[in-house]
Q: 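Submitted below is the structure of interest, expressed as structure tokens.
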Amino acid sequence: MNAERIEVRAGSPGEAGSAVWIGRGLLESAASLLFSPSGRFLLISAPAARAAADVLRGALAGRLILDLTIDDREEAKTLDGVARIADAALAAGLRRDDALVAVGGGVTTDVAGFAAAVLLRGVAWNAVPSTTAAMADAAVGGKTGVNHPLGKNLLGAFHPPRAILVDPAALATLPERDYRSGLVEGFKAAWIADAPLAERAERALSLLLAREEEALLDLVAGAVRVKAGIVSSDPKEEGRRRLLNFGHTLGHAFEAAGGYRDLRHGEAVAWGIAAALEISRDRAGLSNEEAARVREVLARLGPFPQPRRDPALLAPYLARDKKATASGRAGILLEAIGRARVEEAIPEEAWLAAAARGQI
Ligand SMILES: NC(=O)c1ccc[n+]([C@@H]2O[C@H](COP(=O)([O-])OP(=O)(O)OC[C@H]3O[C@@H](n4cnc5c(N)ncnc54)[C@H](O)[C@@H]3O)[C@@H](O)[C@H]2O)c1
Ligand SMILES: [Zn+2]
């Protein structure tokens, strides 16, 4: 095992942070890397992440008090989904010193993490992401939660996993569309805060698309380092952490406008980034040349299905954005590759115009 360890301080003051382990062959060593005060685990896995879950079943043999497979469709990312995990965990005799292990994509880690946050007022949990999106983003940083009929991720808690295992073996069965769209989140982290990483990943794009593990681990580890740095300085998203929402204001609107079916999360974010590039050129001095470089990467990760851009459709979703205030919506603008800033009040017209213009 040749692993890198990155620390994330993402909870309340005094609360333990997360250790992110990144490397090949980590799943086999899960027993020594995953955290549980009692030594007992409850495995919560997505059906499609079976290969990774099977390795963990072997590695944690004799220590599992529950082995639950959940419905991990975005439509099932609800309080009901949390209740199902709670029912099974309590029936299995969960104690406060036991720990959950979530194996799957961002839906699974968000739901299982939220269940861990509320079960017995909080038990420890671990994440084993099995999508590129969850490795580069969703499993890291402590945000957990579920959707509400009125909007995405409206119910949740900050409850960081104690250990996160990023092993490329967990991606073996991931479909091409999920693999590629998840990389958008990895590039997002590079674009907002790490120009050398963006350049390296750009040069390695063909290798990344061919699933070459070295290139993938470099991008994922870089993205985790960016997120760890930002989140550790602002765990509750009162300032700098908002930079991670680059592409997400319109991204979430595109995703919602497609009924959460037409576009993958990463695809919606790609379109949201394309629109944010337009606003960034107008208001943050982003050069045409750098905007074109970002668009070229997105084009090679795609082609992505076109989003619905009608202003009348998007406006209500923008209005419900968690980052909305009376004067407009805060937006994340790129000044240059590797440097982003928050602009507090971008008027709705500017968002809707950019949504109509952004091309990949
Ligand atoms: N908490 C956070 O900070 C955060 C950040 C970003 C995104 N998210 C959330 O994460 C979710 C998106 O994450 P995602 O893209 O990982 O989505 P996902 O969990 O829906 O996974 C994508 C698809 O891949 C399948 N899958 C997962 N692992 C697989 C494997 N190894 N082989 C084959 N198929 C596999 C899933 O069943 C699903 O169909 C959204 O709900 C989003 O809100 C959370
Ligand atoms: Zn995202």
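Counting convention: from 1, in listed order, for ligands and their atoms alike.
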Q: Among protein heavy atoms, which lies nearest atom 34 (N) of ligand 1, and at what distance?
A: Ala48 CB, 3.3 Å

Q: Between Leu171 and ligand 1, is there a nitrogen or oxygen pair with a distance under 3.5 Å?
A: no

Q: I'd like to check the side chain to side chain donor-acceptor pair (under 3.5 Å) partners of Asp97; sequence neighbours left out, ordered by chain and number.
A: Arg95

Q: Below a 4.0 angstrom heavy-atom separation, can you tell me which part of Thr144, side chain or backbone, both or neither, approaches ligand 1?
A: neither

Q: Check whether any N, O or S atom of Glu185, backbone or side chain, sits closer than 2.8 Å to the Zn ion (ligand 2).
A: yes

Q: Would you kindly say whether Asn147 and Glu75 are connected by a side-chain donor-acceptor distance under 3.5 Å?
A: no

Q: Identify, for atom 3 (O) of ligand 1, the protein heavy atom at the shortest distance, and state residue, atom and that distance.
A: Lys227 NZ, 3.5 Å

Q: To check your reading of the model: name the closest protein heavy atom to atom 9 (C) of ligand 1, its residue, and the distance in Å.
A: Asp110 OD2, 3.4 Å

Q: Just distances here: any N/O of Thr108 and N/O of ligand 1 closer than 3.5 Å?
A: no

Q: Could you tell me, atom by atom, which parts of ligand 1 come under 4.0 Å of a heavy atom of Glu74?
A: 40 (C), 41 (O)

Q: Please list every donor-acceptor pair under 3.5 Å in which a side-chain atom of residues 100-122 meets a protein atom from a residue at least two apart or in another chain.
A:
| from | atom 1 | to | atom 2 | distance (Å) |
| --- | --- | --- | --- | --- |
| Thr109 | OG1 | Gly105 | O | 3.4 |
| Thr109 | OG1 | Gly106 | O | 3.3 |
| Asp110 | OD2 | Lys77 | NZ | 2.8 |

Q: With a 4.0 Å heavy-atom cut-off (strictly under), which part of Thr109 contacts ligand 1: side chain, backbone, both or neither?
A: neither

Q: Side chain, backbone, both or neither: which part of Asp178 comes within less than 4.0 Å of ligand 1 when only heavy atoms are counted?
A: side chain

Q: Does ligand 1 have a heavy atom under 4.0 Å from the side chain of Ala170, from its backbone, from both, or from neither?
A: backbone

Q: If you have a sec, read the angle at the Zn ion (ligand 2) from His248 atom NE2 over to His265 atom NE2, to 10 degrees.
A: 100°

Q: Any heavy atom of Lys152 closer to ligand 1 than 4.0 angstrom?
A: yes

Q: Starting from atom 6 (C) of ligand 1, which protein heavy atom do you reach first, and at what distance in Å?
A: Asp137 OD2, 3.5 Å

Q: Which bit of Lys77 is near ligand 1, meaning a heavy atom under 4.0 Å away: side chain, backbone, both or neither?
A: side chain

Q: Taking heavy atoms and a distance under 4.0 Å, where does Arg264 meet ligand 1: side chain, backbone, both or neither?
A: neither

Q: If you measure from each non-hydrogen atom of Ala133 to ligand 1, which part falls under 4.0 Å: side chain, backbone, both or neither?
A: side chain

Q: Just need the protein heavy atom nearest to atom 8 (N) of ligand 1, so name the residue and atom and give the distance.
A: Ala138 CB, 3.6 Å

Q: Just checking Glu289: does its CD atom have more than 12 heavy atoms from other residues, nucleotides or ligands closer to it than 6.0 angstrom?
A: no

Q: Please indicate, with yes or no, if any protein heavy atom is found under 4.0 Å from atom 15 (O) of ligand 1?
A: yes

Q: Any nitrogen or oxygen of Ala49, main chain or side chain, under 3.5 Å from a nitrogen or oxygen of ligand 1?
A: no

Q: Specify the protein heavy atom at minimum distance from atom 36 (C) of ligand 1: its residue, its atom name, and the distance to 0.1 Å.
A: Asp72 OD2, 3.2 Å

Q: Enumerate the atoms of ligand 1 whose separation from the nearest heavy atom of Thr131 is less than 4.0 angstrom.
A: 14 (P), 16 (O), 21 (O), 27 (C), 28 (N)

Q: Give the residue and atom name of whichever protein heavy atom lies nearest to atom 32 (N) of ligand 1, and the separation in Å to one decimal.
A: Thr173 OG1, 2.7 Å

